[in-house]
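Encoded as structure tokens, the structure appears first; notes follow it.
To find a chain, count down the sequence lines: A is the first, B the second, and so on, and within it residues start at 1.
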Amino acid sequence: MTDQQAKPVASDGVPQIVIRYVENEHSLVEYIEYGIEEEGVPWRKQPLEDDADQPKNSATELAYQAASDSGLKIGIGVSRDKTLTLHHARLPIDKPVLSVIDPTNSQARTTGTNAARLAKRMPLRVID
Amino acid sequence: MTDQQAKPVASDGVPQIVIRYVENEHSLVEYIEYGIEEEGVPWRKQPLEDDADQPKNSATELAYQAASDSGLKIGIGVSRDKTLTLHHARLPIDKPVLSVIDPTNSQARTTGTNAARLAKRMPLRVID
Amino acid sequence: MDYIAGIDIGNSSTEVALIRNNNGYEFVATSLFRTTGLKGTVKNVPGVINALEQAAEKADIAVEDIDRILLNEAAPVIGDVAMETITETVITESTMIGHDPSTPGGVGLGTGTIVDITADREAITEEDAVIVVVPAAVDFADAAATINEWAEHAIDIQGAIVQKDDAVLINNRIDQDIPIVDEVTKIEAIPRGQPAAVEVATEGSGQTIDQLSNPYGLATLFDLSSEETQKIIPVSRALVGNKSAVVIKTPAGDVEERTIPAGSLTIIGEHGNSVSINIDQGADNIMTQIDELWPIEDIQGERGSNIGGMLSRAREQMGEVTGQDHSEINIRDIMAVDTLVPQKVEGSVASEHSMETAVGLAAMVKTSELPMQQIADEIENRLETEVNIQGIEANMAILGSLTTPGTDVPFAILDMGGGSTDAAYINGNHEISSIHLAGAGDMVTMLIASELGLDDRELAEGLKKYPVAKVETLFSIRHEDGTVTFLDEAVDSETFGQVVLLKGDGEMEPVGIDESVEKIRRTRRHAKEKVFVTNAKRALRQISPTESTRYHSFVVMVGRSALDFEIPEMISDALAEYGIVCGRGNIRSTTGPRNAVATGLCLSYVGDQAEFDVSVPNGLASAVGLTELTGDKQS
Amino acid sequence: MDYIAGIDIGNSSTEVALIRNNNGYEFVATSLFRTTGLKGTVKNVPGVINALEQAAEKADIAVEDIDRILLNEAAPVIGDVAMETITETVITESTMIGHDPSTPGGVGLGTGTIVDITADREAITEEDAVIVVVPAAVDFADAAATINEWAEHAIDIQGAIVQKDDAVLINNRIDQDIPIVDEVTKIEAIPRGQPAAVEVATEGSGQTIDQLSNPYGLATLFDLSSEETQKIIPVSRALVGNKSAVVIKTPAGDVEERTIPAGSLTIIGEHGNSVSINIDQGADNIMTQIDELWPIEDIQGERGSNIGGMLSRAREQMGEVTGQDHSEINIRDIMAVDTLVPQKVEGSVASEHSMETAVGLAAMVKTSELPMQQIADEIENRLETEVNIQGIEANMAILGSLTTPGTDVPFAILDMGGGSTDAAYINGNHEISSIHLAGAGDMVTMLIASELGLDDRELAEGLKKYPVAKVETLFSIRHEDGTVTFLDEAVDSETFGQVVLLKGDGEMEPVGIDESVEKIRRTRRHAKEKVFVTNAKRALRQISPTESTRYHSFVVMVGRSALDFEIPEMISDALAEYGIVCGRGNIRSTTGPRNAVATGLCLSYVGDQAEFDVSVPNGLASAVGLTELTGDKQS
Ligand SMILES: Nc1ncnc2c1ncn2[C@@H]1O[C@H](COP(=O)(O)OP(=O)(O)O)[C@@H](O)[C@H]1O
Ligand SMILES: Nc1ncnc2c1ncn2[C@@H]1O[C@H](COP(=O)(O)OP(=O)(O)O)[C@@H](O)[C@H]1O
Ligand SMILES: [Mg+2]
Ligand SMILES: [Mg+2]
């Protein structure tokens, strides 16, 4: 798996949440996006090829990279083993905002909602 | 002049204003720092060697790079020709917040003050 | 087809309702134009014609096609406003520094004798605690070095007063943490050798100084007798809410809170008794007198005072319109409101402002009638169309308001304009009583301007009509309710960090005031409350048969101040405790609170036509207008 | 050396002042401990002993070294509080949806007949305008597709009501922009086939709906008669301030605002007359009656009501302490405050809350005296030290307060505790009058809890005592005044986005309430104002010789509610218009507003000693205490 070149700044300037995910997990990503869309915050996706030879990035690492790219400093990582992590670029890399293992579609959506609420400065929803 | 490797994120996490300047202009930088210090906002400096063989970066470019490195997205650039520019990473690169050519120490200080006020969400002081 | 236009000339706006007879009358156009000239003079005619032209265009006809014009008998009322400040704070010597700079240094309370930092260290005895004064000529690094040196020599430095914006820079370079107040422009005016106290509150919300803003705290620090404590009260009160302050004990000086001779009012009741009252007795007392002497015959103001000048001006203005003599023109009502206005403190050391007590006043001049006939004649001349003066404003307003769905007789209207608040009530027998009170939109604007220290009335009008927000980052604004909106494009650097007016359509106008969004919101709402809620209750009480506000069941709010985004709800709220159904009118189910009078003019004229496209109760127009109205078609 | 301790047992705190005779008495320690048990019972003794131990430790002695203990004759007063809700909103059928979800969709106003999205399209006639209902079973993409399909077939879709949080998702996928309200939990309760209106305000501050919150707007939309408009008022008022709402016209149902039988009070004046008043007449009326019947002999509450229960409880509690019969115990004062409390709307479709009218009450029970002797005896037994009951609380408080620099006789004190607001006034002849009023710190806490809908009194206490801030980002908080503080470390994800209490020392406690910082601040300040400013004026009026608040020149505020960061300034502000010097006390120049009574006990005992280290006017202690005080050493 090769990392895409991180873009340090969105060229149009509008800050966005970034979702970074391994290609075959895009069904979960769809629900994450619904959560963000309903809250009205901009976002973009960074799909990665699922290359079995490359070392696996954990969802936390993916989320942290995504957050570092994000103008809002907010990133979501989805790893090959269906872990979802929400991260913020200013937190210690090993201390993400939250993580869910093998989430349902509803939990994936709530993760998206929480990423947006982080941007809107609203309290986060409990993922049940 | 070689660009220092941009550090994408401050490892201690606390977001800072970044000042990026050509080495021999550090007297102005001192006054910029006083302006920021009085306002109580954290900052760090990125001095660059004044290498005559390298192409000259304009203050605007330096400021934009500094802003992209900054956790606060706020950067100040000081070029070899004594131009001071205050920039924000989400603005178009050619439209900085403000610029001063050949500033006095007092004007340099006010630029620092304004960088901090940008972070504190207070109106900027007019540079007179 | 027959085209008929009803025209309502108001103090600020001229409105038109246009109807045509298409086998029954129907409304075809509505328009509004700014009133030109003083209401009741022929200068109104250009505004009338403009409004007619707009209405004609909307109906796809020419102004010449209008067969008849109905003019209101405009309420013979003019309103005016003035502010009277009744206290001022004078610092006779440099006793206090309360300008509250944004970046003081250190934290805590320090007391000592004032010493200039350039003084000879040897001259300072070790027992003295000192407060150090740092003029602009001394670089902050040198100042810090000197302070450290003095401290090494056992001098007890308790605080510092600094001319430049250097407090944090100095505090970061000295060994102890002492309270430092900076940005003190007139540093030379601070008396060296006197005892002083410096206090800086801890950082964080709610943190304000509590020693220097407490008279007994000052008494403790300066060992004051109870008489001296009484004298120091204006100082402590001026410093309440500050994050930092300095108080200096001066040999002779103190802070004086003087009462400015604000003049008096003489209120004459219709029943013959009269009362003189000083304005500095405050609004509550003035309004109590008005209430006790009601109905008012006339009100006179003391010559030379602001209020006296305003009352004269109002009389003059009416005299211009009617041609009457001053002596024939009466002030029938005033509204007084207690308020605070920021004034520069005279003799201040650092350009302090303090909030001084003031009384805001609105006055209402009323006469018997306005010379509408000359306006009617002029319109007839210009347009060669017949012009009737159709009916008095209050009656026409009632009739027009009845086209609001859900209304029925008996009910009351509140017409909230710029110069006066008017109310009318129609009872079960279709008898109408009405009243005009001083205090309306213009007074709200004045109070907002005064309390925020603005000269710009247009800006104050904007602050009244639109909510505000703070531009927090280059891409986001924070609204009054705390929610954040993200913008698609960056704001420019002049807008950054500013409070902006949200005029709708995404337009953000920087207001250039150094106040928080919360403060602006509070000021705006408070002004609206003090004027319109008070007057709503006053008016409804006066026009009820039992002189009780709670008598009413239905109240409809009309007039352009009823368009306001907050005022109708404030009034509904206040009237809810009386169980009153209160809401913004919706004239003809379409135009909201506007066009009541113009609509009523048309309705009253058309009274005897069989078909009509708005619902008005049977028999009503006949009672209020001139002709029978039968068989209304229900819409 | 002689050690003497003065002990003040209060309702919530027990304070100690410790003095020793070192060739003249000097104060050596101060301490405070929580009062154990009900004030006036032997259960207080553990708290007393704890406080003594703390004081002894500070003075480097053992409790056994204390030679004499002076006890206050505690004010025989108990306070209690209760809330009485007097209205409730009941939706008899699902008439309105006003839960104001955070992400509605679209914008504008739409009216139509309610149709389920799963309905057969062919069954819908083209003339009907419809409002579509989308249950959770329908995926948002399918819902959007259906809406587009219907629109292609010329069905006029005017709005949508959605069960899941899908409004924005749906709106982004349909061709028109229609108002959509979502998160409607009980979607099955919405009556298909009825007319409805949906309104969503434009985004941005100040933007709230204005049609559905206006009774005449509803009348326009649903073609209501004036009787029907009157009935719809609770619906429109419930929707004021919403960003979105739905109103459904149901055949039988409406929203009822019922008045709950809240019970009545019987107030008996000392002069024999009595009055019964219903609580739902509101606080102003109740307080007017109290005022007219003053001084009060007793107050009784209707059996079975909340207030009746509270008054019984207060009597019982006093009976426990004194052993008196219920009938011998009198309620001497109550304080009533109008307030609003959020209550769940019964029968609501989406868990709406509405603000119901309520009256908050504080009552004060007073009896002739408390059995302090048994406490004194128990302390003597335990410590084998002589215990005197030295003086009545008010007198001791006056004496102790006089140690505040800048004070002198005549003056008044305001002692602001938890259960009662007490005041005392000493005139030029050293005569002291005093009063106890219901309504103090506990009532403020109750009002804060009620208005924010909190069960947790401890949280409410925290909200009273500390300012709040909003955690906006992981590294910054925004204070009440709008300023931003940057943190050194990130907050955790439970704290993010929350409102937090700033307890000092950097500690931030999340409060878990879904209200803005501005709302919390307003509620907190309003509660303090309604209780303490009102009672300050009441108390000062009652103890002045002329029954006028403005008679006083000097007022010193003591008691732990005087430590509050806002209350003393609110009171000073309110008294400033009377020209009164008012400030927080500073007992012995060092302990602020605490320890007045304990200090006064020591002063009054020591009265005849030559040397003293605090300044008290000559001859004073003799007038208020038991012994002569001559030749005080001035500090
Ligand atoms: N959109 C608005 N919101 C609030 N107030 C408004 C608005 N438009 C006009 N006003 C106020 O209405 C007042 C004028 O009311 P109007 O009914 O035109 O008076 P008149 O009948 O005397 O001509 C002015 O004070 C003006 O500020
Ligand atoms: N720091 C504080 N700020 C505001 N109020 C306080 C503070 N500490 C205590 N209180 C309040 O003071 C009240 C108790 O006052 P106190 O003088 O101890 O009463 P008493 O004399 O009846 O024992 C309580 O209502 C409590 O909430
Ligand atoms: Mg400063
Ligand atoms: Mg939603």
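Residue D:Val517: no heavy atom, backbone or side chain, is found under 4.5 Å from chain C. Residue C:Glu518 touches chain D through its side chain alone, counting heavy-atom pairs closer than 4.5 Å. Contacts between D:Ser213 and chain C at a heavy-atom distance below 4.5 Å involve the side chain alone, from C-beta outward. For D:Glu472, the part lying near chain C is the side chain, with the backbone staying farther off; criterion is any non-hydrogen pair under 4.5 Å. In this structure, chain D has a heavy atom under 4.5 Å from the backbone of C:Ile580, while its side chain stays farther away.
Contacts with chain D were tallied for C:Asp573, C:Asn214, C:Leu221; C:Asn214 has the most, counting heavy-atom pairs under 4.5 Å. In terms of heavy-atom pairs under 4.5 angstrom with chain D, the leader among C:Glu228, C:Lys519, C:Gln230 is C:Gln230. Annotation: maximal heavy-atom pairing with chain D below 4.5 Å, among C:Ile233, C:Ile477, C:Leu224, occurs at C:Ile233. Chain C forms more heavy-atom pairs under 4.5 Å with one residue of D:Gly585, D:Ser572, D:Ser516, D:Cys582 than with any other, namely D:Cys582.
Residue C:Ser226 comes nearest to D:Asp408 through the heavy atom pair OG-CB, 3.4 Å, listed as atom of the first residue, atom of the second, then distance. The two residues D:Glu569 and C:Ile209 come nearest to each other via the heavy atoms OE2-O, 4.2 Å. Looking at every heavy atom in both residues, D:Ala219 comes nearest to C:Pro405 through CB-O, 3.2 Å. Closest approach of D:Gly406 to C:Thr229, counting heavy atoms only: CA-OG1, 3.2 Å.
Separation of atoms CG (C:Asp210) and CZ (D:Phe565) is listed at 12.0 Å; rounding is to 0.5 Å.
Heavy atoms from other residues, nucleotides or ligands lying under 6.0 Å from CZ of C:Arg594 number 12 at most.
Without hydrogens or angle criteria, D:Asn586 side chain to C:Tyr216 main chain gives no donor-acceptor distance under 3.5 Å.
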